[in-house]
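I have placed the structure first, in the form of structure tokens, so that the comments after it can refer back to it.
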Amino acid sequence: MRILLLGKNGQVGWELQRTLSPLGEVIAMGREQANFLAPESLHELVSHCKPNWIVNAAAYTAVDKAESDQEAAFKVNAESVEVLAQQAKRIGAKLVHYSTDYVYDGTKPGTYLETDAVNPVSVYGKSKLAGEEAIRAAGCEHFIFRTSWVFAARGGNFIKTMLRLAAEREQLKVVADQFGAPTSAELIADVTAHCIQSAENGLTDAWGTYHLVAGGETSWHGYACHVIEGALARGVALAIKPESVMPITTEELSAFAIRPKNSRLLTKKMETIFKLQMPNWQFNVDRVLDEIIVNGVERL
């Protein structure tokens with residue numbers, strides 16, 4: 001089996017290099033080899049590699065910047081994805097693509113199902129939904145995994161931002177009215193490999209869209225408090241205490257792009273079809289803290 005992995009240096013792509021390597025030959029490419037700002041160039045790339053699977057972990061993820069950089073967001077998240085899907089259909093390859101909770105508007109009172117109506121309220125969300133729709137229109141066999149609040153020991157993310165700020169400030173203000181599940185790149189990569197192997201072993205009627213997030217839920221404020229408490233328990237000297245992390249509203253944050261307040265995604269479909277159980281979000285957050293904190297010092 002030959003797997004073309006795109007976005008190899010991102011948080012998810014880096015972990016995918018690990019989990020996909022036992023499955024076959026992995027051709028891993030970053031932005032230097034695969035230019036998603038030039039979608040037409042991906043035709044030749046796929047034709048040359050002739051993969052059995054295309055795993056696309058490349059994405060435009062700068063949510064606020066996308067509001068003023070719509071052309072780039074759509075080139076990366078929609079137009080390039082359309083090319084990959086069309087090429088996958090042409091050569092008979094399977095496609096794995098990652099989407100986001102931002103395809104929803106976040107107004108549903110309960111947990112989102114894959115069949116719930118989508119209504120993105122940001123350019124980023126609209127570009128990701130356009131990528132999803134392009135894959136379905138192309139008709140290739142595919143998995144679309146919607147995930148949320150991604151983090152890892154590698155790269156920049158919320159955990160590292162909180163640790164840096166907690167070392168500098170005696171008080172932090174963190175949004176407390178947006179809810180979801182922090183999801184590790186490690187978990188996403190592990191599940192991806194499992195799903196690919198399941199398809200290779202004959203589970204060929206499982207194509208489609210899935211929610212892939214950790215179990216449980218929290219707010220950004222709850223997430224921040226957990227990170228700070230975990231760092232203190234591991235001996236890190238911080239300027240702040242958990243009780244000095246102040247909850248604020250989304251409106252008080254005044255972010256440029258609109259964020260969904262409800263990013264709770266139900267994973268029952270994924271767990272049932274692929275016989276999995278998603279660990280609670282704290283499990284992988286604690287693993288990352290163990291990885292980046294050594295003898296009470298953060299390796300940021």
**Report entry** K128 side chain vs G131 backbone, donor-acceptor pair below 3.5 Å
**Finding:** no
Query raised in the report: Are D69 and K75 ion-paired here, with the side-chain N under 4.0 Å from a carboxylate O?
Result: no
Report task. Could you tell me whether L232 atom CG has more than 12 heavy atoms of other residues or ligands within 6.0 Å of it? Result -> yes
Query raised in the report: Roughly how far, to the nearest 0.5 Å, is the CG atom of N201 from the CG atom of L203?
Result: 9.0 Å
**Report entry** Backbone of V245 reached by a side-chain donor or acceptor of H221 within 3.5 Å
**Finding:** yes
**Report entry** Salt bridge flag under 4.0 Å for residues R18 and D190
**Finding:** yes
Query raised in the report: How far apart are the C-alpha atoms of L187 and T183, what are their side-chain angles, what is the distance that settles it, and do they pass the side chain to side chain contact (heavy atoms under 4.5 Å, CB included) test?
Result: CA-CA 7 Å; L187 176 63; T183 303; 4.2 Å; yes
Query raised in the report: Does a side-chain heavy-atom distance below 4.5 Å link Y98 with N56?
Result: no
Query raised in the report: Do N35 and S41 get their side chains close enough for a donor-acceptor pair, meaning under 3.5 Å?
Result: no
Requested in this report: Might you confirm whether atom NZ of K65 has over 12 heavy atoms from other residues, nucleotides or ligands at distances under 6.0 Å?
Outcome: no
Query raised in the report: Can you name the closest pair of heavy atoms from A206 and F274 and give their distance?
Result: CB-CZ, 3.9 Å
Query raised in the report: Are side-chain heavy atoms of L5 and Q17 found at a separation under 4.5 Å?
Result: yes
Query raised in the report: Is it true that a side-chain atom of N284 and a backbone atom of S184 form a donor plus acceptor pair closer than 3.5 Å?
Result: no
Query raised in the report: Should Y104 and P120 count as side-chain neighbours, where that means a heavy-atom distance under 4.5 Å?
Result: no
Query raised in the report: Can you check whether W207 and F143 have ring centres sitting under 6.0 Å from each other?
Result: yes
Query - Other residues, nucleotides, ligands: >12 heavy atoms within 6.0 Å of E71 CD - result: no
Query raised in the report: Counting distance only, does the side-chain N/O of N77 pair as donor-acceptor with the main-chain N or O of F74 below 3.5 Å?
Result: no
Query raised in the report: Just by modelled atom types, is the T249 backbone N or O under 3.5 Å from a matching donor or acceptor in the D177 side chain?
Result: no
Query raised in the report: Is a donor on one side and an acceptor on the other found under 3.5 Å between the side chain of D64 and the backbone of E67?
Result: no
Report task. Decide yes or no on side chain to side chain contact (heavy atoms under 4.5 Å, CB included) for L84 and F36, but give the supporting numbers first. Result -> CA-CA 10 Å; L84 295 177; F36 276 60; 4.0 Å; yes
Query raised in the report: Is R154 atom CZ crowded by more than 12 heavy atoms from other residues, nucleotides or ligands, each under 6.0 Å away?
Result: yes
Query - Backbone of A152 reached by a side-chain donor or acceptor of E186 within 3.5 Å - result: no
Query - Nearest heavy-atom neighbours spanning S219 and A176 - result: CB-O, 3.7 Å
Report summary line: Residues N280 and G216: closest non-hydrogen pair is OD1-N, 3.7 Å
Query - Gap between atom CG of L276 and atom SG of C195 - 0.5 Å precision - result: 6.0 Å
Requested in this report: For I228 and L172, run side chain to side chain contact (heavy atoms under 4.5 Å, CB included): C-alpha distance rounded to whole Å, both residues' side-chain angles, the deciding distance at 0.1 Å, then the answer.
Outcome: CA-CA 11 Å; I228 290 169; L172 290 176; 4.2 Å; yes
Query raised in the report: Does the ring pair (Phe, Tyr, Trp, His ring centres under 6.0 Å) test come out yes or no for F158 and Y223, once each step is laid out?
Result: CA-CA 9 Å; F158 184 79; Y223 185 10; 4.6 Å; yes
Query raised in the report: Roughly how far apart are K8 NZ and I27 CD1, rounded to 0.5 Å?
Result: 12.0 Å
Query raised in the report: Is the number of heavy atoms from other residues, nucleotides or ligands under 6.0 Å of Q277 CD greater than 12?
Result: no
Requested in this report: Taking atom CD of E251 as the centre, report whether more than 12 heavy atoms of other residues, nucleotides or ligands fall under 6.0 Å from it.
Outcome: yes
Query raised in the report: Is the CD atom of E32 crowded by more than 12 outside heavy atoms at less than 6.0 Å?
Result: yes
Query raised in the report: Does the side chain of L165 reach to within under 4.5 Å of the side chain of I240, using non-hydrogen atoms?
Result: no
Query raised in the report: Tell me, do L20 and W53 make a side-chain contact under 4.5 Å, heavy atoms counted?
Result: no
**Report entry** Side-chain donor or acceptor of S148 paired with backbone N/O of A181 under 3.5 Å
**Finding:** yes
Requested in this report: Could you go through the side chain to side chain contact (heavy atoms under 4.5 Å, CB included) check for V55 and I196 one step at a time?
Outcome: CA-CA 10 Å; V55 180; I196 289 176; 4.0 Å; yes
Report task. State which residue, out of F179, W220, W281, fulfils the ring pair (Phe, Tyr, Trp, His ring centres under 6.0 Å) condition with W149. Result -> W220
Report summary line: Taken to the nearest 0.5 Å, the spacing of E79 CD from E40 CD works out to 9.0 Å
Query raised in the report: Looking only at side chains, do S99 and E132 share a donor and an acceptor under 3.5 Å apart?
Result: yes
**Report entry** E141 side chain reached by L95 side chain, heavy atoms, under 4.5 Å
**Finding:** no
Requested in this report: Assess whether atom NZ of K269 is packed by more than 12 heavy atoms of other residues, nucleotides or ligands within 6.0 Å.
Outcome: yes
Requested in this report: Would you indicate whether the side-chain heavy atoms of V81 and V76 approach each other to under 4.5 Å?
Outcome: no
Report summary line: With M270 as partner, the option from V191, V213, L265 fulfilling side chain to side chain contact (heavy atoms under 4.5 Å, CB included) is V191
Query - Under-4.0 Å salt bridge between E133 and R136 - result: no
Requested in this report: Say whether R90 and S47, considering side chains only, have a donor N or O and an acceptor N or O under 3.5 Å apart.
Outcome: yes
Requested in this report: Decide, yes or no, whether a salt bridge links R146 with E114 under the criterion of side-chain N to carboxylate O below 4.0 Å.
Outcome: no
Query - Any donor-acceptor pair under 3.5 Å from N262 side chain to G110 backbone - result: yes
**Report entry** Basic-acidic side-chain contact under 4.0 Å: K50, E25
**Finding:** no
Query raised in the report: Between K94 and H142, is any pair of side-chain heavy atoms under 4.5 Å apart?
Result: no
Requested in this report: Look only at the side chain of S127 and the backbone of A78, and say whether a donor-acceptor pair between them is shorter than 3.5 Å.
Outcome: no
**Report entry** No-hydrogen, no-angle side-chain donor-acceptor test under 3.5 Å, H226 and D286
**Finding:** yes
